[in-house]
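Each remark here refers to the structure printed beneath this line.
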2 protein chains.
Amino acid sequence: MNIQFKKGVLELCVLSLLSRRDYYGYELVENISRFIEISEGTIYPLLRRFRSDGYVTTYLEESQEGPPRKYYKLSKKGREALDELEIEWESFVDGVNDLLRGDFDDKS
Amino acid sequence: MNIQFKKGVLELCVLSLLSRRDYYGYELVENISRFIEISEGTIYPLLRRFRSDGYVTTYLEESQEGPPRKYYKLSKKGREALDELEIEWESFVDGVNDLLRGDFDDKS
DNA sequence: CATACTACCTTATAACGCAAGGTACTAAAA
DNA sequence: TTTTAGTACCTTGCGTTATAAGGTAGTATG
């Protein structure tokens with residue numbers, strides 16, 4: 001997979017998942033990996049960024065199967081960022097697809 | 001527009017345009033700008049990269065309206081890169097859209 | 001001759017994903 | 001009981017790419 005495609009899109013993916021329920025980091029990696037390749041080294045810095053930007057709050061919960069899990073909960077600000085990103089993503093994809101299909105009058 | 005979205009996609013856009021006819025750099029900026037924001041500082045380094053990777057060949061042509069134009073012509077290797085990038089782009093967008101729609105069994 | 005447009009180019013900077021590493025807990029296998 | 005595997009957290013350094021901001025020249029117009 002083209003690494004570059006992911007730039008900026010992973011933000012959108014993470015925010016979208018968090019809009020449905022709280023997730024812990026490792027779980028986000030597992031779920032997103034079903035659709036696009038992602039590594040842990042990517043997700044943890046991203047989540048830290050989200051927290052310092054006020055997009056998420058966190059809380060710890062113990063686990064039966066390993067170390068405690070740090071859950072991430074979407075804030076109102078994060079919700080707003082998600083809404084905007086979704087719109088941007090859609091119009092971006094539309095623009096690229098129009099261009100790829102050659103949907104334009106070429107003045108050549 | 002989210003700058004990050006563009007990473008890697010501009011390559012695809014440029015190769016796609018060049019698959020239809022030869023373009024000069026300035027012209028590529030004008031055409032792509034109709035769909036997604038792009039600046040000259042982006043396109044020229046990218047075109048140089050394409051040339052050193054053997055994706056394009058170039059030739060000069062004089063112009064009535066300004067300095068000579070450097071045209072870019074897609075090579076066979078560039079064509080192959082385009083084909084692959086198109087496939088990757090499509091499956092990437094599908095993956096992201098599936099994730100955004102929540103098209104998956106969440107084992108929560 | 002000054003401005004605007006065309007058309008080429010370079011340099012320095014910022015953002016982001018990832019490989020590669022590390023820590024530590026639980027549970028099962030050897 | 002030691003080792004291995006799986007879960008779960010984390011950091012550092014690196015490479016790639018887009019851009020802003022600048023520069024050089026050519027043509028044409030006022």
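In what follows, every chain begins at residue 1, and chains take the letters A, B, ... in the order their sequences are listed. What's counted below: heavy atoms across the whole structure, side chains too, no hydrogens, waters or symmetry copies.
Annotation: ring pair (Phe, Tyr, Trp, His ring centres under 6.0 Å) contacts of B:Tyr44 (sequence neighbours excluded): none. With sequence neighbours excluded, the residues forming a ring pair (Phe, Tyr, Trp, His ring centres under 6.0 Å) with A:Phe92 are B:Phe5, listed by chain and number. Scanning for side chain to side chain contact (heavy atoms under 4.5 Å, CB included) contacts around B:Ser33 gives B:Val29, B:Ile38, with sequence neighbours left out. Residues passing the side chain to side chain contact (heavy atoms under 4.5 Å, CB included) test with A:Ser75 are A:Lys77, sequence neighbours excluded. Under the side chain to side chain contact (heavy atoms under 4.5 Å, CB included) criterion, B:Asp53 pairs with B:Arg49, B:Tyr55, sequence neighbours left out. Among residues two or more places apart in sequence or in another chain, the side chain to side chain contact (heavy atoms under 4.5 Å, CB included) test is passed with A:Glu86 by A:Leu12, A:Leu82, A:Asp83. B:Ser19 meets the side-chain hydrogen bond (donor to acceptor under 3.5 Å, both in side chains) test with no other residue; sequence neighbours excluded.
The distance between the ring centers of B:Tyr23 and B:Tyr72 does not fall below 6.0 angstrom.
For B:Arg49, a side-chain nitrogen or oxygen approaches OP1 or OP2 of D:dT17 to under 4.0 Å.
Residues from residues 82-94 of chain A that place a heavy atom under 4.0 Å from any atom of DNA chain D: there are none.
Applying the salt bridge (Lys or Arg N to Asp or Glu O under 4.0 Å) rule to pairs touching residues 56-67 of chain A yields A:Glu65-A:Arg69, sequence neighbours excluded.
Comment: A:Glu11 does not engage A:Lys6 in a salt bridge, judged by the lack of any side-chain N to carboxylate O separation of less than 4.0 angstrom. Classification of B:Arg79 and B:Glu84 as a salt-bridged pair fails, no side-chain N sitting under 4.0 Å from a carboxylate O.
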Check the interface with nucleotides 10-12 of chain D: list each N/O to N/O pair with the protein under 3.5 Å, or write none.
from: D:dC10; atom 1: OP1; to: A:Lys70; atom 2: NZ; distance (Å): 2.6
from: D:dT11; atom 1: OP2; to: A:Arg48; atom 2: NE; distance (Å): 3.0
from: D:dT11; atom 1: OP2; to: A:Arg48; atom 2: NH2; distance (Å): 3.1

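On the nucleic acid side, DNA chain C has its first and last nucleotide under 4.0 Å of a heavy atom of chain B at C:dT6 to C:dC16, going 5' to 3'.
Distance, B:Leu46 CG to D:dA18 C1': 10 Å, rounded to whole Å. Distance, A:Arg51 CZ to D:dC9 C1': 13 Å, rounded to whole Å. Rounded to whole angstrom, the span from the CG atom of B:Asp53 across to the P atom of D:dT16 amounts to 11 Å. With rounding to whole Å, B:Gln4 atom CD is found 16 Å from D:dT16 atom P. For the pair B:Lys7 NZ and D:dG15 C1', the computed distance is 11 Å after rounding to whole Å.
Residue-environment remark: CD (A:Glu90) stays at or below the threshold of 12 foreign heavy atoms within 6.0 Å.
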| note | Reading nucleotides 25-30 of chain D from 5' to 3' and marking B where a protein heavy atom lies under 4.0 Å of the base, S where only the sugar-phosphate is that close, and - otherwise, the string is BBSS--

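B:Asn2 and A:Trp89 share no side-chain donor-acceptor pair at under 3.5 Å.
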